[in-house]
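Here the structure comes first, spelled out in structure tokens, and everything after it is commentary.
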Amino acid sequence: MSTELAKAFDPAAAQQQALDLWGQANAYHADPSDPGQPYSIVIPPPNVTAALHLGHALNNTLQDILTRYHRMLGDNTCWLPGTDHAGIATQTVVEKRVLAEEGKRRTDFARDEFVTKIQAWKDEYEVRITDQLKAMGCSCDWDRQAFTMDPKRARAVREAFYRLFADGLIYRGKRLVNWDPVTQTALADDEVENEEVDGNFYYLRYPLTDGSGHITVATTRPETMLGDTAVAINPKDPRAAALKGKKVLLPIVNREIPIVEDDYVVMPVQFGGDPKDAKAVLATGFLKVTPAHDTNDYEIGQRHNLPVINVFSPTAGISKDHGWPADDFARADEFVTSDLLGQDRFEARTRIVKWFKAKGLHEETKPYRHSVGHSYRSHVPIEPYWSDQWYCRVTDDRLAGAALRAMSPEQREGAAGEPASAGGAHSAPEGHLKFYPARYAKTFQTWHENIRDWCISRQLWWGHRIPVWYFRDDTAVDSKSDEELAALLRRLVILRDTERVALQHAPGAEASGKAIDLQHSFVCVRDESDAEAVELLANLGFVQDPDVLDTWFSSGLWPMSTLEWPDRLAVGLKKSALNVWNPTSVLCTAREIITLWVSRMVMFNLYFLNRLPFRDVFIHAMIQDGHGQKMSKSLGNGVDPMDIIGSHGADAMRFAMAHMATNTQDVRMPVDLVDPHTGQAFTPKYVTDSAGHTVAAPIQESPKDPAKKIVSSYGYASGKAKPTADMPVAKNTSSKFDLGRNFCNKLWNASKFVLSNLESAPVEAADETKWSLVDRWIVSRFNRTVEEVNAAIKDYRFDNYARAAYDFFWRDFCDWYVEAVKPAMKDPARAGQTASVLAALLDGTLRLLHPATPFITEVIWQKLNEVRPVRGLPGRLECPSIGNGQSAVGNDSGLIAQHSGLLIRSPWPAVGSFAEAAEHIFPRVQEVVTAIRNTRNLAQISPKQKVTVSVTAPAEPTRQLSENREIIEFLTASTLSAVGPDVTAPAGAIRTTAAGLDVFVETGQPVASAGADAAVNEKRRAELTKQRDTLRGRLSNESYIAKAPPALVQQTRDQLAQVEAELSRLG
RNA sequence: GGGCCGUUAGCUCAGUUGGCUAGAGCGCCUCCCUUACAAGGAGGAGGUCACAGGUUCGAGCCCUGUACGGCCCACCA
């Protein structure tokens, strides 16, 4: 079998080869009983709504780097993969698809039928996402793949719900919720996005019932006036006294409503309001109060015992059937029935304003720009809606309080002196939660300090059904005899007492003397498979709540549910996956879900297991497009990682991702398009869409063939152009990945060079005493790099990892070491020794890079094992012996990627010793080489023309340069004719300086040299003069001499002396 | 309204506790298809570090303010 590598790196071939090897070996399966420190990560489960984009690629690349790194360190490493059912989001995309393809709405189907359709979508995307992760090289333990709605996770959800319900931390509440009238579900506060909209202030007159005139209210939402139950005025308003006890007759509905005093009301400027407050400027001092349709009005209503009259339907149309009392409705004008009922809220607004105008009750309309909450799913304005919902009492100290106390003390503000635990039933959890970068700790803290109870019910079909049953059917009970009923109740009590169900009384219903008040009970069934309990409840006339749980309820359990919680063995056994890998080591995510997700995981894990779900939270940057906009499906600027893998390769994508994972909160990724005709990338034209976003123009002319049009993926998504069969869709890409592609190609070629040399060179054990300066230098540089990389990964600075590895490999190893040893490799006497260093360095480099670029390193590793199974530099760069299938530590899989269990074969390089002297001396050689090259270039000497070089240098540098004569000559195509203290300028030589030495370059053509000498000298002189002036200026400052550290002052003096000396020698 | 972040080369980003001439990749210019690599090699140009003050012997870095951009929270009269 040939060990020769292909001429250029072929990512697709390498990916296939590596994936096959890993797959055959099931290389990433971990067992809790494996040796090593536990190290675990749970994947932030991607939503099954869509395929992964580059944000996910970044997120998962970083997790995989951590995972592979720790696996190589010998840790018992497990990365748990999975996906999230993403309730609203998934149901919405499927509803859209069904509407587009079948022209049907969700409500045209039975619940089960529609859920099956969503399930099909989920199956499709779960596979696609898994394929994407595998193609990216993610080393997840695929045997443990989870889904937030699969049976094991469902069990965890049930158990968690039951415990919280039984402990009184889940309750039923009638509240105003953020209602999305399109998806017809309640949204959590953080699912509401605020957008500035141009609206109006309408000034409407409400007549007083005593005929003494009217008051004027100002509102942005006239349509809600149908539900007004009061008008409020500030008690400090000078007009308040005269209006005390008066009522107004609400127009259209003819409802008599009181005027109440409430200091929430902003006073207009002329009555003492703050002129800087925009509201005070526009206000009339009279606020219409609509408790059913405004959060603040609801609170005012509570304070004044006002009735709540809901005049909207769930689709936000005017309705009399959702809380408008019939006797009250009967008083309303015919106008309501003829013109308003059934109209949506915006049409109703128009019609009501028109009515007021017609009746002369409209004073004026003023434009007003204000922010309005919109649904993050449907993007329509949120309607505050009065309904029954389930809440999780996260405000309880056992949840939010515990989360706060778990914070790392140095990251928590104002926590000094407070004990880490409040004591009591829950003792202090082990360790603290620490954020990287630390600034995100504040987001977490503020959230919990201002937290409100969490609405966990959603009016959806796709999700975990709320496991609560309530009484619905009188006939079921009435038809039973007292004996039968008593027997059923006894069984219910037994189920409660054996903790199979939990009971709560409805809010407001007093627990009577009876043990159970059926009509006002909520019953939570603990176990999904408890058919007996369900049947019993059905017998008692109970039905299950139709709603499902907020997605984040199941995601919040993720670090537990993926590790088999609440399985008894998992909880009880010391060596269970749960107890070995939870707490997980780090959560790696984007900042947008610190509140949505991180918070809930922390609260749940603390509550159920009394320990953190993870120790570190690493928040990485968000990828934006070239215009600073978030990458998203709806904007159409998303990039599919598979496209990048196609254009650049998976390793290239990963390396570039690591390289851009800096400490900042955003990173921009200008997006180019790939012309499907030519494969060439080009930058699309940009236009502004109706929402003001910059998007690529939908149709591009193909650079290759103007007759052919390309539809960008941007344009397609923004709806500006529909692709047709003859319009190929361009793929998004970005030149940012060129960095990684070039790097991989370089690695491939350098490896090719090393391997071919290893084949031809004699095999020798490394013997340090035979090494040259450059050998000692590169080995020391390698160890220095490993040290830097360790520090970088510890701090989650993946950019520093990539940079350190890049600089070592390309700048030091390729540019200098490989070039410098070429002469030695041609010398049979030295080739063996040099080859042993090359082999060890290639080995070390592959291991150093493997976490970032797993495919290419695996493929090269395989070749290296064939060519040089035994390698390493004792004490300097240890490499394991490999390839014999047997060793002291166990079986050898022969994979650089696999280190599970006893297969610890290619561990992370340990930091070897440094060669300080070599690290000091070799840069001098580099300086001289660079100076000669520089001179050759400036003097325009052809690369093929040999030159003669001489150097004036003191004894020590002379010795060092002489020792490296061969390298200098080889790297500069020169003959080093003379080095020493007495060397003088040869006639016609170009003079330059390097490392404080005089360097003379003879071209053999004195006439040409004369002009070149002037050019080189002039440039060098200019540089030195500038330096000299800077240094002189510093030293002429007396304060500097007096106050700066003496060592620094001395250093400045030494530098000045050297610069001046060089300058004088240049003449 | 409250808070967080950013502004460094044409573009995308580094720049440690303040201290040598502020760096990298891409792009640009010159030369080179040298037997690992043109996805490459050698060399080069390009920055008053957003602006205004302040602290300091010394500020890209620390403090105050301003402008612009982004994000989070609160608020829909």
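Per chain, numbering begins at 1; letters A, B, ... match sequence-line order. Computed over heavy atoms, backbone and side chain alike; hydrogens, waters and symmetry mates excluded.
Phosphate contact (OP1/OP2 of B:rC33, side-chain N/O of A:Lys944, threshold under 4.0 Å): present. For the OP1/OP2 pair of B:rG44 and a distance below 4.0 Å, the side-chain nitrogens and oxygens of A:Asn934 include at least one atom meeting the criterion. OP1 and OP2 of B:rA77 both lie 4.0 Å or more from every side-chain N or O belonging to A:Lys288. Applying the 4.0 Å criterion to OP1 and OP2 of B:rA14, one finds that A:Thr664 has a side-chain N or O inside that range.
Across all strands shown, A:Arg936 has no heavy atoms under 4.0 Å from either base or sugar-phosphate atoms. A:Lys822 comes within 4.0 angstrom of a nucleotide base, judged by non-hydrogen atoms across all strands. Among the atoms of the strands shown, none is found under 4.0 Å from any heavy atom of A:Phe970. Contact annotation for A:Val265: base contact, defined as any heavy-atom pair under 4.0 Å involving a base atom. Residue A:Thr443 is classed as having no contact, given no heavy-atom separation below 4.0 Å to the nucleic acid. Residue-level contact check: A:Arg797 touches the backbone only, with heavy atoms under 4.0 Å from sugar-phosphate atoms and none from bases. Within 4.0 Å (heavy atoms only), A:Cys814 reaches at least one base atom of the nucleic acid. Contact annotation for A:Val818: base contact, defined as any heavy-atom pair under 4.0 Å involving a base atom. Counting non-hydrogen atoms under 4.0 angstrom, A:Ala750 reaches a base of the nucleic acid. Residue A:Thr930 is classed as a sugar-phosphate contact, given heavy-atom separations below 4.0 Å to backbone atoms only. Looking at heavy-atom distances under 4.0 Å, A:Arg741 makes contact with a base. Using a 4.0 Å heavy-atom cutoff across all strands shown, A:Pro381 reaches no nucleic acid atom at all.
Straight-line distance from the CZ atom of A:Phe444 to the P atom of B:rC4: 18 Å, rounded to whole Å. Between the OH atom of A:Tyr817 and the P atom of B:rG41 there is a distance of 19 Å, rounded to whole Å. Atoms CZ (A:Arg221) and C1' (B:rC75) sit 15 Å apart, rounded to a whole Å. Computed from coordinates, the A:Ile593 CD1 to B:rC72 P distance equals 13 Å when rounded to whole Å. Distance, A:Lys752 NZ to B:rU35 C1': 11 Å, rounded to whole Å. Atom CG of A:Asn749 is separated from atom P of B:rU35 by 13 Å (rounded to the nearest Å). Here B:rG3 presents its C1' atom at 12 Å from CD of A:Gln445, a figure rounded to the nearest Å. At whole-Å resolution of the value, NE2 in A:His448 and C1' in B:rC73 are 14 Å apart.
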_A:Phe346 vs A:Val380, test: side chain to side chain contact (heavy atoms under 4.5 Å, CB included). Steps then yes/no._
CA-CA 12 Å; A:Phe346 303 110; A:Val380 300; over 6 Å; no
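Rounded to whole Å, the separation between the P atoms of B:rC20 and B:rG6 comes to 22 Å. With both ends at atom C1', the span from B:rU21 to B:rU35 equals 39 Å, rounded to whole Å. Taking the P atom of each, B:rG15 and B:rU7 are spaced 10 Å apart, rounded to whole Å. Atom P of B:rC32 sits at a distance of 32 Å from the matching atom of B:rA22, rounded to the whole Å. Between the P atoms of B:rG44 and B:rG3, the separation comes to 49 Å (whole Å). Comparing B:rG40 with B:rC4, their P atoms sit 44 Å apart, to the nearest whole Å. When the P atom is compared between B:rA9 and B:rC72, the two are found 27 Å apart, to the nearest whole Å. Nucleotides B:rG69 and B:rU48, compared at atom P, are 23 Å apart to the nearest Å.
Side-chain N/O atoms of A:Lys746 and base N/O atoms of B:rC37 include a donor-acceptor pair closer than 3.5 Å. Scanning atom types as modelled, one donor and one acceptor separated by under 3.5 angstrom connect the side chain of A:Glu819 and the base of B:rA36.
A:Asn200 and A:Tyr202 share a donor-acceptor pair across their side chains, judged by distance under 3.5 Å alone. With hydrogens and angles left out, the side-chain atoms of A:Gln1058 and A:Asp1054 include no donor and acceptor closer than 3.5 Å.
Scanning for side chain to side chain contact (heavy atoms under 4.5 Å, CB included) contacts around A:Glu1023 gives A:Lys1019, A:Arg1020, with sequence neighbours left out. Residues meeting the ring-ring contact (aromatic ring centres under 6.0 Å, His included) test with A:Phe312, sequence neighbours left out: A:His293. Scored by the side chain to side chain contact (heavy atoms under 4.5 Å, CB included) test, A:Ala661 finds A:Leu58, A:Leu62, A:Phe798 as partners (sequence neighbours excluded).
Looking at every heavy atom in both residues, A:Leu250 comes nearest to A:Leu226 through CD2-O, 4.5 Å. Counting all heavy atoms, side chain and backbone alike, A:Ala804 lies closest to A:Thr785 at O-CG2, 3.5 Å. Residues A:Leu287 and A:Val217 share a closest heavy-atom pair of C-CG1, 4.5 Å.
Using the six-membered ring where Trp is involved, A:Tyr796 and A:Tyr436 have ring planes that are perpendicular, over 60° apart on the 30 and 60° scheme.
Identified under the side chain to side chain donor-acceptor pair (under 3.5 Å) test for residues 1025-1049 of chain A, with sequence neighbours left out: A:Arg1032-A:Glu1060, A:Tyr1040-A:Thr1052.
For the pair A:Asp812/A:Tyr817, no side-chain contact is recorded, criterion being any heavy-atom separation below 4.5 Å from C-beta on.
Side-chain atoms of A:Arg668 lie closest to B:rC13 of the nucleotides B:rA74, B:rC13, B:rA77.
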*asked:* Expected output check: what is the dot-bracket annotation of RNA chain B, where ( ) and [ ] are pairs inside the strand (brackets for crossing ones), | is paired with another strand, and pairs are Watson-Crick or G-U under 3.5 Å?
replied: (((((((..((((.....[...)))).(((((.......))))).....(((((..]....))))))))))))....
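Between A:Pro11 and A:Glu383, the one whose closest nucleotide on RNA chain B sits nearer the 5' end is A:Pro11. When the nearest nucleotides of RNA chain B are assigned to A:Arg591 and A:Thr295 by heavy-atom distance, the more 5′-ward of the two goes with A:Arg591.
Annotation: cation-pi pair A:Lys822/A:Phe753 present, NZ/CZ under 6.0 Å from the ring centroid and within 45° of its normal.
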*Could you run down nucleotides 16-30 of chain B 5' to 3' and tag each one B, S or - for protein heavy-atom contact under 4.0 Å?*
---BBB---SS----
